[in-house]
Amino acid sequence: MSQDTVTPPASNFIRNIVEADNASGKWGGRIETRFPPEPNGYLHFGHAKSILLNFGLARDYGGVCHMRFDDTNPTREEQEYVDAILEDVRWLGCDWGEQLNYTSDYFDRLCAYAETLIEGGHAYVDSQNAEAMRATRGTLTEPGRDSPYRNRSIEDNLDLFRRMRAGEFPDGTHILRAKIDMASPNMNLRDPAIYRIRHAHHHRTGDAWCIYPMYDYAHCVSDALENITHSLCTLEFESHRPLYEWFLERLADAGHFSRPLPQQIEFSRLNLSYTVLSKRKLIQLVQEGHVDGWDDPRMPTLKGARRRGFTPQGFKLFLDRIGISKSDSLIDMVVLEDCMREDLNARAERRIAVLDPLRLVLVNVPEDHVEECFAPNHPQKPELGKRMVPLTRELWIEREDFMETPSKGYFRLRPDGEVRLRYGFIIKCTGFDKDEAGKVSCVYAEVDMDTKSGTPGSESRKVKGNIHWLSAAHAVEAEVRMVDRLFSVPAPGSRREGDAPELERDFLDDINPHSKSSTRAMLEPSLGSAAPESTYQFERHGYFVADRKDHKPGHAVYNRTVTLRDSWAK
RNA sequence: UGGGCCGUCGCCAAGCGGUAAGGCACCGGAUUUUGAUUCCGGCAUUCCUAGGUUCGAUCCCUAGCGGCCCAGCCA
């Protein structure tokens, strides 16, 4: 094999299955997957795992991945979500080619196949109401009881089903059920529903239908219709697999599909510390106003991630790193953050930003003097060039880079201490002022003119400290949003050691009160005119992105994507 | 207490009868005009437990223990 291949994908049980299928010739080397979201909400980090897995697997084995909207429940699905989902999947870099599908595209066939199920004696119309069905389903340990309508004739079932479709009955009066086994130890096999009556407007089919298929029936049929080879889903569908196979086997027997039939394979969903990934909780956060919408940079949604400055490449790195398996896991948020750092470190140009400005006056620099200094745009990529940063008598430095009484190990500026102004000169502190409140308001220093960075001999004198700065006369003011983790505990809402047995915790109580703050910062002038979504490393601080929505000419707004690692305990 | 699935280093995760990959984290040390990056080195005599089969078991068998999922006309 060639040496220049990118990092080979890690082995996992799904790839093993695909490779075994390829080896046995099961699909003739073909692989087709699908990403099947329901358009009833925004995509989150958990979906990213599924998207990258499905599209990545297809790409790696020369196949295609279909985009498919599982839109079988008209009461909760909307076009708005379809558009948003497509935008997110595209943003992640995935390409579905011609395969943009909707389960609703198959309503005709789904309905026709339901009739063949009835004709084969595999389905019946039940006329019990929902409560009666629940009451006769049994429990985990007790078998259910057959419906009194279970043995209707095929003719009656067909007639009833057609009249359901024709709109003769109100919602909830009849339902088409699979005739399997009311005593099955697998609850999903106790005559599950196939079609329910719903007089509702569908976002794509309008009012053409008043009966809609259930997930278990629609999904496997859609997979078969699209010639999907490997149908990947999360672990909670494991006990639905026998049903998936039950429908397809019967429809194949009836001649609608040929074998081999698509195979459902389950993997464990993503759990991430310091956040929540359940649709219900995410909706709650938005609806109750705990965050500023679905695209709040703190939200674990793809819209939020994008606004925060997370990158598709970072997500790919993350998913390769955590792997695919069937064990329940809780991935530490630092892993995701670190992947973003890794990607951004390689690509982001460096800029200077002073987030908490403190005035520094260089006492031996004349009022109107402008000294041109040069800073590399990327320390590891000299080909990206340098830029000029002007140094003048009055500068902004970071407030935390000066300490009147330094703590142990501190090696930045201090009274009578020396430090290098990054890309500039070594300076020595000669004094400082304090305001009425006792807060340092201005620092004075003297420049050693023989130490300019880049000039011969400038390296002869070494100082440990190295701080960043900005010319007060040149810097532009900006709003910088310090985004942090949304929750302050690893598992929001979970019990903690020492909790009283009767105590119930609410994940909302674990929201990090400091997850969002905003500051007026000083930036290099070019940062004011950068395009929205431009990403930079603010030296010694972290990675920041020009806000996609609010960053405008004359009104710079940056979001902190992630801080730099800091081995100096803050 | 029915059924299904899972249990390998702090967090992930390979391995599938031949004597414990890798990543992240962590700990050393080197380089560094970002306390960043990069680089080198260290990091499971042991695979949930207990028995058994075998020349040999994380892999097979048995019995336990722990965790997750299933009782929507949701997906």
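Chain identifiers are assigned alphabetically (A, B, ...) following the order of the sequence lines, protein sequences preceding nucleic acid strands; residue numbering begins at 1 within each chain. In what follows, every heavy atom counts, from backbone to side chain, and hydrogens, waters and symmetry copies are set aside.
Aromatic ring centroids of A:Y543 and A:Y536 lie 6.0 Å or more apart.
Using a 5.5 Å limit on the distance between ring centres and a 30° limit on the angle between planes, the aromatic ring of A:Y215 does not count as stacked on the six-membered base ring of B:rA75.
A:G542 comes within 4.0 angstrom of nothing in the nucleic acid, heavy atoms only. The residue A:I322 sits close only to the backbone: its heavy atoms come under 4.0 Å of sugar-phosphate atoms, none of a base. Counting any heavy atom pair closer than 4.0 Å across all strands shown, A:G41 reaches no nucleic acid atom. Residue A:E398 is classed as having no contact, given no heavy-atom separation below 4.0 Å to the nucleic acid. Contacts of A:K462 with the nucleic acid, taken as non-hydrogen atoms under 4.0 Å apart, involve only primed sugar atoms and P, OP1 or OP2. No engagement by A:P143 is indicated, since no non-hydrogen atom pair under 4.0 Å with the nucleic acid exists. Counting non-hydrogen atoms under 4.0 angstrom, A:F237 reaches a base of the nucleic acid. Counting non-hydrogen atoms under 4.0 angstrom, A:F425 reaches nothing in the nucleic acid. Across all strands shown, A:N466 has heavy atoms under 4.0 Å from base atoms, whether or not it also approaches the sugar-phosphate. Contact annotation for A:Q537: base contact, defined as any heavy-atom pair under 4.0 Å involving a base atom. Within 4.0 Å of A:N12, counting heavy atoms only, lie sugar-phosphate atoms of the nucleic acid but no base atom. Looking at heavy-atom distances under 4.0 Å, A:Y195 makes no contact with the nucleic acid at all. Within 4.0 Å of A:I324, counting heavy atoms only, lie sugar-phosphate atoms of the nucleic acid but no base atom. Across all strands, A:E539 comes closer than 4.0 Å to base atoms (heavy-atom distances).
Listed nucleotides: B:rC74, B:rA71, B:rU1. Nearest to the side chain of A:T139: B:rA71. If you check B:rC12, B:rA71, B:rA75 against the side chain of A:L330, the one that comes closest is B:rC12. Side chain of A:S239, nearest nucleotide from B:rA36, B:rA75, B:rG3: B:rG3. Listed nucleotides B:rA75, B:rG67, B:rC26 differ in distance to A:M214; the shortest reach to its side chain belongs to B:rA75. Residue A:S329 has its side chain nearest to B:rC12 when only B:rG67, B:rC12, B:rA71 are considered.
At the phosphate of B:rG35, neither OP1 nor OP2 sits under 4.0 Å from any side-chain N or O atom of A:R412. Between A:N16 and B:rG15 there is a side-chain polar atom (N or O) within less than 4.0 angstrom of OP1 or OP2. Between B:rC11 and A:S273, no contact under 4.0 Å exists linking OP1 or OP2 to a side-chain N or O. In this model, the phosphate group of B:rC69 is not approached by any side-chain N or O of A:R241 to a distance below 4.0 Å at OP1 or OP2. Put simply, A:S325 has a side-chain N or O that comes within less than 4.0 Å of OP1 or OP2 on B:rA13. For the OP1/OP2 pair of B:rG72 and a distance below 4.0 Å, the side-chain nitrogens and oxygens of A:R198 include no atom meeting the criterion. Side-chain nitrogen and oxygen atoms of A:R137 include at least one within less than 4.0 Å of the OP1 or OP2 phosphate oxygen of B:rC73. Distances shorter than 4.0 Å separate some side-chain N or O of A:T72 from OP1 or OP2 on B:rA75. For B:rC70, neither phosphate oxygen OP1 nor OP2 lies less than 4.0 angstrom from any side-chain nitrogen or oxygen of A:R190. A:S327 has a side-chain polar atom (N or O) that falls below the 4.0 Å cut-off from OP1 or OP2 of B:rA13. Proximity of A:R565 to the phosphate of B:rU37: a side-chain N or O atom is located under 4.0 Å from OP1 or OP2. Remark: A:R540 is in phosphate contact with B:rG35, judged by side-chain N or O atoms under 4.0 Å from OP1 or OP2. Taking 4.0 angstrom as the limit, A:R321 places none of its side-chain polar atoms (N or O) nearer than this to OP1 or OP2 of B:rG22. At the phosphate of B:rU34, neither OP1 nor OP2 sits under 4.0 Å from any side-chain N or O atom of A:R351.
Using a cut-off of 4.0 Å between Lys/Arg side-chain N and Asp/Glu carboxylate O, A:E337 and A:R485 are scored as salt-bridged. Checked for salt-bridge contact, A:R412 and A:E398 miss the test: no charged N lies under 4.0 Å from a carboxylate O.
In textbook terms, a nucleotide whose glycosidic angle is within 90° of 0 is syn, while B:rG52, being further out, is anti.
Nearest-nucleotide assignment on RNA chain B puts the 5′-proximal partner with A:F13, out of A:E77 and A:F13.
A:S239 and A:N186 share no side-chain donor-acceptor pair at under 3.5 Å. Using modelled atom types, one finds no donor on one side chain facing an acceptor on the other under 3.5 Å when comparing A:H468 with A:E539.
When the C1' atom is compared between B:rC60 and B:rG18, the two are found 15 Å apart, to the nearest whole Å. When the C1' atom is compared between B:rG2 and B:rA71, the two are found 11 Å apart, to the nearest whole Å. Annotation: B:rG72 and B:rG67 have their P atoms spaced 24 Å apart (nearest Å). B:rC43 and B:rG10 have their P atoms separated by 15 Å, given to the nearest Å. Rounded to whole Å, the P atom of B:rU53 lies 15 Å from the corresponding atom of B:rU62. For the C1' atom pair drawn from B:rA14 and B:rU8, the interatomic distance equals 10 Å after rounding to whole Å. Here, B:rC70 and B:rA75 have their C1' atoms 14 Å apart, quoted to the whole Å. Between the P atoms of B:rA57 and B:rU19, the separation comes to 12 Å (whole Å).
Nearest heavy-atom pair, A:E38 versus A:D70, reported as atom, atom and distance to 0.1 Å: CG-O, 3.5 Å.
Note on ring orientation: taking the six-membered ring where Trp is involved, the planes of A:F538 and A:F544 are parallel (angle under 30°, cut-offs 30° and 60°). Taking the six-membered ring where the residue is Trp, A:H240 and A:Y215 present perpendicular rings, their angle passing 60° and hence far from 30°.
Judged by atom type and distance alone, A:Q380 does not reach the base of B:rU38 through any side-chain donor-acceptor pair under 3.5 Å. Interface remark: the A:R350 side chain does form a donor-acceptor pair with the B:rU34 base, using a distance-only criterion of under 3.5 Å.
Proximity of a side-chain donor or acceptor of A:Y244 to a complementary backbone N or O of A:E238 within less than 3.5 Å is not detected.
Atom CG in A:D181 sits roughly 21 Å away from atom P in B:rC70 (whole-Å rounding). Separating the OH atom of A:Y274 from the P atom of B:rC11 is a distance of 14 Å, rounded to the nearest angstrom. Atom pair A:Q128:CD and B:rG72:P shows a separation of 14 Å (rounding to whole Å applied).
The cationic atom of A:K464 (NZ for Lys, CZ for Arg) lies less than 6.0 Å from the six-membered ring centre of A:F411 and within 45° of the ring axis.
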